[in-house]
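Here is the structure we will look at, set down as structure tokens.
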Amino acid sequence: MLASAGVARFITFEGLDGSGKSTHLERAAAWLEAARVPVLVTREPGGTELGAAIRGVFLDPRFAGMDGTVELLLVFAARRQHLLEVIEPALAAGRHVLCDRFTDSTWAYQGAGRGVAGQVIERVDQLATGGRQPDRTLLFDLPAAAARRRGHSPARRRNAAVDRLDAEAVTFYERVRQGFLDRAAGAPERFRILDSAGSIAATEAAVRAALADLLPGPAGA
Ligand SMILES: Nc1ncnc2c1ncn2[C@@H]1O[C@H](COP(=O)(O)OP(=O)(O)O)[C@@H](O)[C@H]1O
Ligand SMILES: [Mg+2]
């Protein structure tokens with residue numbers, strides 16, 4: 001399906017920490033800005049002042065024993081504010097939205113990772129977002145151990161102290177990875193699974209191909 005001019009798209013970037021979401025989101029935003037395509041870049045949890053405050057609580061190692069359903073409620077609280085304050089207004093104004101993580105991360109981390117039941121996630125999602133789905137979701141996929149090595153690069157260690165989720169074992173991240181793959185299998189028309197184990201250039205070519213039908217200009221180049 002070709003995008004008609006003027007239709008703003010909601011595109012999410014998903015995957016483990018270290019899978020390349022931020023790297024490729026920045027690159028995609030750069031091609032679009034160079035082509036004067038209006039675009040808004042944002043992220044979860046966060047994206048608003050309230051969301052940033054919730055993100056601080058969410059990642060704080062002091063709350064190591066946080067219950068999975070509490071995590072779920074925190075991320076959906078931030079997500080509702082983010083949708084109302086940032087995402088929907090940008091789309092209504094004709095800007096494409098590129099968002100680093102959205103509800104699929106909740107299914108992967110709180111669902112597959114922490115074991116919160118799918119019915120609970122669905123109910124809270126209905127309440128918080130009305131079941132809002134992106135137009136396209138790029139899943140950056142690679143083995144959990146490899147993502148962890150990248151995510152714990154010296155640069156990242158310098159910039160951010162180890163957060164609450166960094167303390168989880170690799171088996172947790174393997175469940176999360178599988179959770180993302182299961183989400184993708186359940187919505188193949190929305191998802192594109194991109195192999196992120198190889199070079200940045202190879203993954204970037206896959207990103208361009210995965211967005212070519214939705215976005216104008218160099219995304220299709
Ligand atoms: N194919 C690839 N795609 C994206 N990043 C890659 C790739 N290969 C290696 N990297 C490196 O892996 C790290 C990915 O980090 P980042 O983009 O911040 O991931 P995330 O935002 O998903 O945590 C970066 O240091 C990047 O240079
Ligand atoms: Mg990132």
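All ligand and atom numbering here is 1-based and tracks the order in the structure.
Residue contacts with ligand 1 include Ser199, since one or more of its heavy atoms lies under 4.0 Å from the ligand. Residue contacts with ligand 1 include Ser19, since one or more of its heavy atoms lies under 4.0 Å from the ligand.
A pairwise comparison of heavy atoms in Met66 and Val57 identifies CE-O, 3.9 Å as the closest pair. In this structure, Thr106 and Ile121 approach most closely via the heavy-atom pair O-CD1, 4.2 Å.
Using a 4.5 Å heavy-atom threshold, the side chains of Arg43 and Arg101 count as separate.
Atoms CG and CD1, from Leu73 and Ile54 in turn, are 10.5 Å apart once rounded to the nearest 0.5 Å.
Judged purely by distance below 3.5 Å, without hydrogens or angles, the side chains of Glu14 and Trp107 never pair a donor atom with an acceptor atom.
In summary, no N, O or S atom of Thr23 is located under 2.8 Å from the Mg ion (ligand 2).
Distances between N or O atoms of Asp100 and those of ligand 1 include no value under 3.5 Å.
Ligand 1 places these atoms under 4.0 Å from at least one heavy atom of Leu16: 22 (O). The distance from ligand 1 to the heavy atoms of Asp17 drops below 4.0 Å at these ligand atoms: 23 (O).
Distances from atom 27 (O) of ligand 1 to the heavy atoms of Leu194, Asp195, Ile200 show the closest one on Ile200.
Under 4.0 angstrom from ligand 1, the non-hydrogen atoms of Thr23 come from both its backbone and its side chain. The residue Glu204 has no part lying near ligand 1, judged by heavy-atom distances below 4.0 Å.
Aromatic ring orientation, Phe10 versus Phe102: perpendicular (interplanar angle above 60°, classes split at 30° and 60°). The aromatic rings of Phe180 and Tyr109 sit perpendicular to each other, their planes meeting at more than 60°, with 30° as the lower class boundary.
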